[in-house]
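One is the number of the first residue; the rest follow in order along the sequence.
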Amino acid sequence: MAKQKSGITEKQVAQKPMPVSQAAPFVFTRQNFIVLFAGLMLLAFGFILMRGGSQPPTEWDTNVVYGFTRITLSTTFVLIGFAVITVSIFWKSKKS
């Protein structure tokens with residue numbers, strides 16, 4: 001029978017275990033979270049505006065349902081909120 005070679009070389013046996021490296025710093029900074037929170041507030045405000053005013057369930061008023069606040073203003077706040085949230089994700093502080 002032929003002698004089989006071991007898969008482990010002498011260098012691998014003599015190596016010391018790698019030291020545990022320091023944890024990487026967190027990617028988001030305080031400014032990122034502040035901008036993210038502002039974007040979430042704009043988003044929530046836009047959805048609150050989409051709810052509109054109160055209307056009796058037996059009446060249908062097109063001015064309330066299809067008004068400026070529900071259609072245009074709330075959509076603008078929601079889109080601005082999503083844009084601010086996107087900016088907060090890609091925001092990089094000037095220090096690093």
Side-chain angles (χ1 to χ4, degrees):
M1 277 196 145
K3 185 176 179 185
Q4 292 183 348
K5 288 188 176 183
S6 171
I8 301 174
T9 63
E10 290 177 20
K11 286 183 181 180
Q12 289 175 339
V13 173
Q15 286 181 347
K16 295 180 181 177
M18 298 272 302
V20 178
S21 63
Q22 298 270 338
F26 199 58
V27 178
F28 273 17
T29 61
R30 181 177 168 93
Q31 289 87 9
N32 289 89
F33 284 112
I34 291 172
V35 174
L36 179 70
F37 184 71
L40 288 174
M41 289 296 105
L42 285 170
L43 194 64
F45 186 66
F47 281 121
I48 289 170
L49 286 177
M50 277 187 197
R51 288 180 54 208
S54 62
Q55 183 176 352
T58 57
E59 294 181 19
W60 177 267
D61 187 10
T62 56
N63 293 330
V64 173
V65 175
Y66 300 115
F68 173 77
T69 303
R70 277 189 174 177
I71 299 298
T72 307
L73 190 63
S74 65
T75 306
T76 305
F77 271 100
V78 168
L79 290 176
I80 290 172
F82 279 127
V84 170
I85 290 171
T86 304
V87 166
S88 76
I89 292 171
F90 292 110
W91 185 277
K92 192 171 186 179
S93 65
K94 294 179 181 178
K95 293 178 188 176
S96 56

Where Ala38 and Val84 come nearest, the two heavy atoms and their spacing: C-CG1, 4.5 Å
ILVMFWY cluster, Ile80 and Phe68 together (side-chain gap under 4.5 Å): yes
Single-linkage hydrophobic cluster, 4.5 Å side-chain cutoff, Tyr66 and Leu49 together: no
In one Ile/Leu/Val/Met/Phe/Trp/Tyr side-chain cluster, 4.5 Å: Leu43, Met50: yes
Non-hydrogen atoms of Ser74 and Gly46 that approach each other most closely: CB-O, 3.3 Å
Atom pair CZ/OG of Phe37 and Ser88 - distance to nearest 0.5 Å: 12.5 Å
Gap between atom CH2 of Trp91 and atom CG of Leu36 - 0.5 Å precision: 13.0 Å
Value rounded to 0.5 Å, distance of CD1 in Ile34 from OG1 in Thr29: 8.5 Å
Between CZ on residue Phe82 and CG on residue Leu40, distance to nearest 0.5 Å: 9.5 Å
Transitive ILVMFWY side-chain link Ile85 to Val78, under 4.5 Å: yes
Over 12 non-hydrogen atoms of neighbours within 6.0 angstrom of CZ in Phe33: yes
